[in-house]
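Before any comments, here is the structure.
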Amino acid sequence: RSDVYIANMVKCRPPKNRNPLREEMQACLPFLEAQIAVVNPEVIVALGKVAACALLETGDSISALRGRFHYRNGVPVMPTYHPSFLLRQEPDRRCKAEAWADLQEVMTLLRLPLPRTGDQP
C-alpha cells in the first residue's frame with residue numbers, strides 16, 4: 001500500500017453517485033494532473049470507464065480499452081474494470097479473470113514477481 005497512490009478523477013462525489021459530467025471532469029482534471037506530476041508514477045491503472053476515458057481522452061468502452069497499455073504524457077496507463085463492477089459481476093468470473101490479467105501486465109511492466117498459480121485473489 002505504501003507503493004500505491006490512489007486518486008479519483010473528480011474531487012467530489014456527484015449527486016446520487018451518478019457518473020461525473022464532462023464539465024465536472026474537465027474542471028477537476030488540472031488537480032489530477034498536478035497529483036500525477038507530484039507522484040510521478042511508473043504506471044497508472046485506470047479503474048473503470050470514467051477514469052480510463054478521461055485520462056485517454058476517448059469514448060471507447062472499457063472492454064475495448066482494457067488488456068493493453070495506452071499512454072498519457074509518456075506514462076503507461078492500463079485501463080481495467082472498476083472494482084464495483086467486478087463485485088456486481090460475481091457470478092461471471094470472466095471479468096475478474098480479465099482484470100487479474102490486466103494487473104499481471106502491470107506487475108510485469110514493474111518487474112514485480114507474479115504470484116504462483118492458485119495464489120490469485
Side-chain angles (χ1 to χ4, degrees):
R1 187 104 168 134
S2 64
D3 294 332
V4 175
Y5 183 83
I6 298 172
N8 287 319
M9 182 60 231
V10 292
K11 304 308 174 190
C12 56
R13 185 179 301 235
K16 298 184 180 179
N17 203 28
R18 64 162 165 72
N19 285 341
L21 302 174
R22 180 178 177 87
E23 297 81 19
E24 293 167 332
M25 290 189 288
Q26 288 175 336
C28 292
L29 189 58
F31 297 101
L32 180 62
E33 292 286 5
Q35 287 176 295
I36 292 170
V38 168
V39 172
N40 192 26
E42 294 178 58
V43 64
I44 295 171
V45 178
L47 297 174
K49 178 180 172 64
V50 170
C53 288
L55 284 172
L56 301 175
E57 300 174 350
T58 183
D60 293 347
S61 69
I62 190 66
S63 58
L65 294 170
R66 62 147 298 276
R68 67 185 188 285
F69 287 102
H70 304 260
Y71 292 85
R72 179 171 181 95
N73 299 329
V75 178
V77 176
M78 174 60 77
T80 195
Y81 299 114
H82 193 280
S84 65
F85 171 80
L86 294 175
L87 288 172
R88 291 190 307 271
Q89 299 299 316
E90 181 61 33
D92 180 5
R93 299 191 56 83
R94 178 185 55 85
C95 294
K96 286 183 181 179
E98 290 175 349
W100 177 235
D102 297 340
L103 293 177
Q104 288 180 37
E105 290 294 326
V106 171
M107 293 171 71
T108 298
L109 177 78
L110 295 173
R111 294 185 177 93
L112 296 172
L114 296 175
R116 297 182 321 253
T117 302
D119 288 349
Q120 70 184 21

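One is the number of the first residue; the rest follow in order along the sequence.
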Contact between I62 and P79 at the side-chain level, heavy atoms closer than 4.5 Å - yes or no?
yes

Is the number of heavy atoms from other residues, nucleotides or ligands within 6.0 Å of CD (E42) greater than 12?
no

Would you say the side chain of T58 lies within less than 4.5 Å of the side chain of H70, judging by non-hydrogen atoms?
no

Side chain to side chain contact (heavy atoms under 4.5 Å, CB included), that's the test. Do L55 and I36 meet it? Break it down for me.
CA-CA 11 Å; L55 284 172; I36 292 170; 4.2 Å; yes

Do W100 and C95 have side chains that approach each other closer than 4.5 Å (heavy atoms only, starting at C-beta)?
no

Count the heavy atoms of every other residue, nucleotide or ligand shown that sit under 6.0 Å from CZ of F31, and state whether that count exceeds 12.
no

Sub-4.5 Å side-chain heavy-atom contact between R88 and S84:
yes

Less than 3.5 Å apart, any donor N or O on the side chain of Q35 or Y5 sitting next to an acceptor on the other?
yes

Distance in Å, T108 OG1 paired with L103 CG, rounded so as to fall on 0.5 Å steps:
10.5 Å

Atom of M9, atom of M25 and distance for their closest heavy-atom approach:
CE-O, 3.7 Å

Do V77 and V43 have side chains that approach each other closer than 4.5 Å (heavy atoms only, starting at C-beta)?
no

Does A99 offer a backbone N or O that forms a donor-acceptor pair with the side chain of R66 under 3.5 Å?
no

Any side-chain heavy-atom pair of L21 and P14 under 4.5 Å
no

Any donor-acceptor N/O pair, K49 side chain to G59 backbone, under 3.5 Å
yes

Is any side-chain heavy atom of L47 less than 4.5 Å from a side-chain heavy atom of P83?
yes

Would a 4.5 Å heavy-atom cut-off, applied to side chains only, mark E57 and R72 as touching?
yes

Looking at every non-hydrogen atom in both residues, tell me the closest pair between F69 and E105 and how far apart they are.
CZ-O, 3.7 Å

Checking the side chain of D60 only, and the main-chain atoms of L65 only, is there a donor and an acceptor separated by less than 3.5 Å?
no

Output for pair (C28 SG, E23 CD), nearest 0.5 Å, gives 12.0 Å

